[in-house]
Amino acid sequence: MTFAKSYEPGEFESDIYAAWEASGVFTPSVPRVPTDNDGNGVDDRQGNLTYSIVMPPPNANGNLHIGHGLTVALEDSLIRYHRLKGISTWYIPGADHAGFETWVVYERFLEKQGHTRFEFSRDELYARVWDFVAEQRGNMELQLRALGASCAWDDLTFTLDENVVDRVYTTFEKMWKDGMIYRGEKLVNFCPKHQTAFADIEVEHKDEKGTLWDIAYPVKGSKKEIIVSTTRPETLFGDAAVAVNPNDERYTDLIGKMVKLPLTEREIPVITDEHADPAYGTGAVKITPAHDFDDFEVGERHNLPRLQVINEEGKMVNVPSEYAGLTTEECRKKVLKDLKEQDLLRGEKKIVHSVAHCYKCGTTLEPMLKEQWFVDVEKLAAVAIKHLEAGEIKFYPENKCKVLINYLKGLKDWNISRQIPWGIAIPMFRKVDKTATDEPDWIFDRRTNLREIEKGGVRYVRDEDTFDTWFSSAHWPIVCTDWTEENYNPYYPLNVMETGADILFAWVARMIMMGLYVTGEVPFKEVYLHGLVLDAHGQKMSKSKGNVINPMDLVTRFGSDAFRLGILRGRSAGMNQAFAEDAVIAGRNLCNKLWNISRLIQGIVDEKKTDDLHSSELEYTTLNMGEDWICREINECLEQVEQDMANYRFAEAVETLYSTIWDKYADWFLESQKMFKNVPLLKKTLETLLIALHPFAPFVTEAIWQNLSWADGFVATAKWPEKLEFDPISAENFEKLMVVVSEVRGTLQALPGTNNAKKYGLMYDNDSLVKDNQMLIKTLAKVPTINALEGAPRGLRLALANHELYLDVPEKVVSEYKESLTEKILAVGRELDGLNARMMNPNYVSKAPEHLVKETEDAIREKEALIERLKQQLKLI
RNA sequence: GGGGAUUUAGCUCAGCUGGCUAGAGCGUACGAUUCACAUUCGUAAGGUCACAGGUUCAAGCCCUGUAAUCCCCACCA
């Protein structure tokens with residue numbers, strides 16, 4: 001049981017984690033299906049206290065980034081705190097197959113090997129990615145351990161686990177039966193590079209420079225023409241109409257007429273629609289239902305044909321032969337050239353407009369007409385809104401609830417089809433044999449391992465697509481807790497969902513909708529959203545900027561605890577905040593401080609050899625003011641931490657612990673204990689602080705706990721401390737003594753000359769607080785002597801503390817101090833003026849609460865007395 | 001166009017329902033040093049709380065407006 005001179009996290013962390021894991025301290029004590037004596041499931045809602053958090057699953061084959069580090073710091077401190085509180089905690093780890101992300105990585109890998117996805121079947125690709133992920137897997141799980149995440153590893157859920165797929169299929173089937181799933185030909189955001197569609201939420205809009213061209217469409221049977229404005233001339237082949245605003249008088253005579261579509265032989269009608277903005281361009285707009293979202297809606301309203309002219313590779317189709325096969329860009333050039341030759345191009349204007357991009361590769365997304373599976377979200381959103389408005393979920397920060405409701409109110413149907421092999425196969429099969437007319441075209445079947453099935457003599461082939469990752473992730477609280485229809489599960493709903501504010505819509509919203517749909521209950525009672533971790537200068541971290549901070553580097557350099565303490569510093573819910581390495585260093589220093597505090601105390605325990613009592617047998621009493629005071633301060637600290645944890649104020653909790661341990665416990669209490677050495681109290685208070693800091697700094701607190709000669713078990717499973725007993729009056733007196741000591745130190749510093757603390761002693765007169773504690777004052781103030789004053793007062797009286805205490809300073813030095821004394825009198829005088837002014841105000845006296853008025857009166861008396869003392873001091877000189 | 005936020009010390013941020021002299025970490029300056037810790041100890045300097053009004057006995061905090069910065073959603077033919 002020896003303590004090295006400093007704490008070296010690297011020497012302890014992995015062993016400690018292994019010991020925790022091996023002893024099963026992370027396993028919840030209450031089973032997820034509580035049973036009675038006969039083994040039947042029971043609803044013991046009242047019986048046991050449980051606390052559950054599911055981890056937002058990191059990418060299974062990736063490394064943790066700093067956001068994960070923050071997530072673990074937040075979630076694990078909640079879990080550990082509640083575990084110490086004696087609650088059965090379940091922190092469920094997860095791993096994400098990360099459908100699209102992983103697919104992009106894998107496709108790049110294929111390309112490097114000289115292959116493309118088109119050489120393999122969907123099933124082959126799935127198997128290959130599975131192996132690819134399996135090979136890379138495991139890193140992030142080790143990293144979670146390094147961060148100290150106290151999760152139940154046996155319950156790790158992978159997003160492609162059988163129970164996840166089962167649950168997703170069950171939900172999908174239910175939705176299918178409920179008529180909430182439909183196959184629709186709709187415009188989807190399609191990435192021609194990745195060959196897949198995206199949900200609206202995955203699209204990134206960027207402002208880009210573009211050109212707005214004016215093109216003349218000749219009106220049939222008239223010499224007139226109608227000029228439309230477009231940024232995409234190549235889509236004119238897909239035009240189904242020209243629209244003008246019904247109130248636009250310029251075009252009244254043309255409504256209903258046919259115009260000739262340039263470069264083709266087709267004719268299209270002029271229609272009226274509110275979509276056409278008379279103030280924009282010429283006020284007339286070409287309508288291309290198959291390649292523009294607004295035009296699609298106009299087309300729906302007017303029953304216009306959807307003519308697809310761009311295919312999935314971004315090439316022109318269904319166009320005159322000289323254009324067929326061109327890329328959209330080539331086609332645009334040729335169209336413009338040809339229009340110019342025919343004198344139909346009437347102008348161009350540079351504009352800035354926002355363009356949809358693939359959030360992964362940046363390719364411009366093509367609105368593409370495709371048959372996809374959609375979820376009708378109307379009911380889902382309505383139910384979610386109802387529960388949110390009823391306040392069933394508490395949000396941190398609070399305003400995100402409104403933001404979410406606002407989003408849900410405008411939610412459009414959800415495209416859940418992805419043309420990516422890596423994911424959960426959509427369990428729908430299409431009829432092959434067209435002759436069996438009374439059979440539906442699509443049937444639901446769970447046998448997605450088969451490409452083709454037979455039912456009632458009819459052959460069906462599986463839809464090749466996979467689910468949008470968010471469709472399955474939306475089930476996360478349900479699948480991680482093993483929620484079932486049959487049994488009451490004490491861990492569902494979760495106590496809190498902690499995740500990034502950036503996925504409020506993509507994930508949190510969908511978990512709420514899905515949770516309510518599947519279980520009838522909201523999936524979590526509270527939501528804590530964290531903001532982005534920005535770099536030191538407040539910039540978003542990105543690979544291209546090269547400002548990415550790797551959490552594992554910090555763990556290696558400063559220790560896991562230091563990282564956790566540091567990243568929680570100065571952070572509040574929902575806010576993007578800069579990351580300060582300084583804060584991690586401060587965390588590292590705190591760990592070392594605590595280590596050395598323990599080293600000192602263990603040293604005293606060894607030296608005194610008074611007892612070998614273990615924690616459970618400890619009986620302590622306070623014997624002097626400093627001891628009463630520290631008990632009071634520790635109690636206040638515990639209370640503060642409890643309050644902060646209940647309100648998710650992590651940074652404040654850490655701050656309170658930091659200052660209690662450092663500024664109070666070490667700087668004042670332990671300094672005074674060098675005289676008194678109250679061993680049972682030292683043990684008790686140290687244990688209390690170790691437990692209180694444990695949620696935030698699990699490793700160092702455990703390393704110390706294991707190193708102490710008297711502590712048993714793990715601090716990780718210790719009991720959250722009860723309040724300490726103390727004498728409040730005595731504690732108050734210590735505070736007075738602290739003021740005395742501070743003034744001695746401050747005055748010695750302010751006096752001219754160096755090494756004053758060694759030169760001048762202290763003298764006291766007729767003052768019991770000082771007289772009774774002279775040795776303590778001498779120790780704390782580090783003065784060479786302390787004696788009773790003999791004869792008339794001399795030297796420098798310490799006026800601030802209002803005690804009969806004098807610094808034994810020669811008159812020459814005192815007179816040099818005169819100036820600062822005068823300044824002090826003036827400063828106190830200014831404060832006094834302010835207080836007096838307040839009391840002169842009759843409204844203050846009559847309207848402010850009585851205790852405040854009384855406080856002001858007291859303060860005035862005190863200041864007046866102080867000025868008097870200072871003036872006397874001045875006279876003495 | 002709709003919505004959400006931010007602005008407090010040199011830097012990164014606290015400041016919860018308005019109430020003593022606005023706090024912390026880092027940084028800066030000055031001083032200390034065997035006796036737990038230089039990953040230390042002590043002391044200090046540093047703030048027009050973005051700006052302008054208002055409410056109030058009292059405003060960093062509440063209200064109105066202005067400016068700057070950032071984010072999300074929708075739209076831009």
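Sequence lines set the chain letters: A, B, ... in the order given, protein chains first and strands last, and positions in each chain run from 1.
Nucleotides rA50(B) and rA5(B), compared at atom C1', are 16 Å apart to the nearest Å. With C1' as the reference atom, rC73(B) and rC11(B) are 34 Å apart, rounded to whole Å. Rounded to whole Å, the separation between the P atoms of rU6(B) and rC62(B) comes to 10 Å. Between rA14(B) and rA59(B), the distance separating the two P atoms is 24 Å to the nearest Å. Separation of the P atoms belonging to rC20(B) and rU66(B) is 32 Å when rounded to the nearest angstrom. To the nearest whole angstrom, the two P atoms, one in rC26(B) and one in rU39(B), are 13 Å apart. Rounded to the nearest Å, the gap between the P atom of rA22(B) and that of rC71(B) is 35 Å. Separation of the P atoms belonging to rC61(B) and rG19(B) is 11 Å when rounded to the nearest angstrom.
Between the side chain of Lys674(A) and the base of rA36(B), at least one donor-acceptor pair of N or O atoms lies under 3.5 Å. Judged by atom type and distance alone, Lys593(A) reaches the base of rC37(B) through a side-chain donor-acceptor pair under 3.5 Å.
Residues Gln602(A) and Asp606(A) have side chains that bring a donor and an acceptor to within less than 3.5 angstrom of each other. With no hydrogens or angles considered, a side-chain donor-acceptor pair links Tyr844(A) and Thr856(A) at under 3.5 Å. Using modelled atom types and a 3.5 Å distance limit, the side chains of Tyr665(A) and Thr660(A) yield no donor-acceptor pair. In this structure, a donor-acceptor pair under 3.5 Å is present between the side chains of Asp214(A) and Ser229(A). Under 3.5 Å, the side chains of Thr747(A) and Gln749(A) contain no donor-acceptor pair of N or O atoms.
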What are the atom names and distances for every N/O pair under 3.5 Å that joins the protein to nucleotides 26-32 of chain B?
residue: rC26(B); atom: O2'; partner: Asp582(A); partner atom: OD1; Å: 3.4
residue: rC26(B); atom: O2'; partner: Asp582(A); partner atom: OD2; Å: 2.5

I'd like a list of close polar pairs between nucleotides 12-15 of chain B and the protein, N/O only, cut-off under 3.5 Å.
residue: rC13(B); atom: OP1; partner: Ala578(A); partner atom: N; Å: 2.9
residue: rC13(B); atom: O3'; partner: Gly570(A); partner atom: O; Å: 3.3
residue: rC13(B); atom: O3'; partner: Gln577(A); partner atom: NE2; Å: 3.3
residue: rC13(B); atom: O2'; partner: Gly570(A); partner atom: O; Å: 3.1
residue: rA14(B); atom: OP1; partner: Ser572(A); partner atom: OG; Å: 2.8
residue: rA14(B); atom: OP1; partner: Gln577(A); partner atom: NE2; Å: 2.8
residue: rA14(B); atom: O3'; partner: Glu652(A); partner atom: OE2; Å: 3.3
residue: rA14(B); atom: O2'; partner: Glu652(A); partner atom: OE2; Å: 3.1
residue: rG15(B); atom: OP1; partner: Arg649(A); partner atom: NH2; Å: 3.4

Below 3.5 Å is the cut-off: list the nitrogen or oxygen pairs between protein and nucleotides 53-59 of chain B, distance only.
residue: rC57(B); atom: OP1; partner: Lys847(A); partner atom: NZ; Å: 2.2
residue: rC57(B); atom: O2'; partner: Asn841(A); partner atom: ND2; Å: 3.0

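With sequence neighbours excluded, the residues forming a side chain to side chain donor-acceptor pair (under 3.5 Å) with Lys664(A) are Glu633(A), listed by chain and number.
Across all strands shown, Glu204(A) has no heavy atoms under 4.0 Å from either base or sugar-phosphate atoms. Looking at heavy-atom distances under 4.0 Å, Phe558(A) makes no contact with the nucleic acid at all. Note on Glu743(A): nothing from the nucleic acid sits closer than 4.0 angstrom, heavy atoms only. Residue contacts shown for Lys854(A) are absent, as no nucleic acid heavy atom lies under 4.0 Å away.
In this structure, the CG atom of Asp295(A) is 13 Å from the C1' atom of rC75(B), given to the nearest Å. When the P atom of rA74(B) is taken as reference, atom CG of Leu408(A) falls 13 Å away, rounded to whole Å. At whole-Å resolution of the value, NZ in Lys863(A) and P in rU21(B) are 8 Å apart. Rounding to whole angstrom units, CD1 of residue Ile704(A) and C1' of rC37(B) are separated by 12 Å. Put simply, CD on Glu823(A) is 14 Å from C1' on rA44(B), counting in whole angstrom units. We find that CG of Leu411(A) is positioned 19 Å from P of rG3(B), with the value rounded to whole Å. What separates CD of Glu671(A) from P of rU40(B) is a distance of 14 Å, to the nearest Å. In this structure, the CG atom of Leu532(A) is 17 Å from the P atom of rA5(B), given to the nearest Å.
Arg510(A) forms a cation-pi arrangement with Trp414(A), by the criterion of a distance under 6.0 Å to the ring centre and an angle within 45° of the ring axis.
Between Trp662(A) and the phosphate of rC41(B), there is a side-chain N or O to OP1/OP2 separation shorter than 4.0 Å. Phosphate contact (OP1/OP2 of rU39(B), side-chain N/O of Arg599(A), threshold under 4.0 Å): absent.
Helical stems of RNA chain B (runs of at least 3 Watson-Crick or G-U pairs, donor-acceptor distances under 3.5 Å) are listed by first residue: B:1-7 with B:67-73, B:10-13 with B:23-26, B:28-32 with B:40-44, B:50-54 with B:62-66.
Using cut-offs of 30° and 60° on the angle between ring planes, the pair Phe198(A) and Tyr359(A) is perpendicular. Between Tyr658(A) and Trp662(A), the ring planes lie parallel to each other; the angle is under 30°, not in the 30° to 60° tilted range. The aromatic rings of Tyr7(A) and Phe12(A) sit parallel, their planes meeting at an angle under 30°, below the 60° perpendicular limit.
In terms of modelled atom types and a separation under 3.5 Å, the side chain of Asp295(A) and the main chain of Pro289(A) share no donor-acceptor contact. A distance-only check finds a donor-acceptor pair linking the side chain of Glu13(A) to the backbone of Ser560(A) [under 3.5 Å]. A donor-acceptor pair is defined here as one N or O able to donate and one able to accept, closer than 3.5 Å; such a pair exists between the side chain of Lys545(A) and the backbone of Lys540(A). Not one N or O on the side chain of Asn596(A) forms a donor-acceptor pair closer than 3.5 Å with the backbone of Arg599(A).
Residue Arg745(A) has its side chain nearest to rG42(B) when only rA36(B), rC73(B), rG42(B) are considered. Residue Lys5(A) places its side chain closer to rC37(B) than to any other of rC37(B), rC20(B), rG4(B). Here rC41(B) is the nucleotide among rC41(B), rC72(B), rA36(B) with the atom lying nearest to any side-chain atom of Asp667(A).
For residues 232-246 of chain A, the pairs satisfying side chain to side chain donor-acceptor pair (under 3.5 Å) are Tyr217(A)-Asp239(A), Arg232(A)-Glu234(A), Arg232(A)-Glu366(A), Glu234(A)-Arg332(A), Thr235(A)-Lys286(A), Asp239(A)-Lys286(A), Asp239(A)-Thr288(A), with sequence neighbours left out.
Residues Cys591(A) and Ile597(A) both approach RNA chain B. Their nearest nucleotides, taken by heavy-atom distance, put Ile597(A) toward the 5′ side. When the nearest nucleotides of RNA chain B are assigned to Ser742(A) and Ala859(A) by heavy-atom distance, the more 5′-ward of the two goes with Ala859(A).
Heavy-atom contacts from other residues, nucleotides or ligands closer than 6.0 Å to CD of Glu862(A) number 12 or fewer.
Between Asp833(A) and Arg830(A) there is no salt bridge, since no side-chain nitrogen of the basic residue lies less than 4.0 Å from a carboxylate oxygen of the acidic one.
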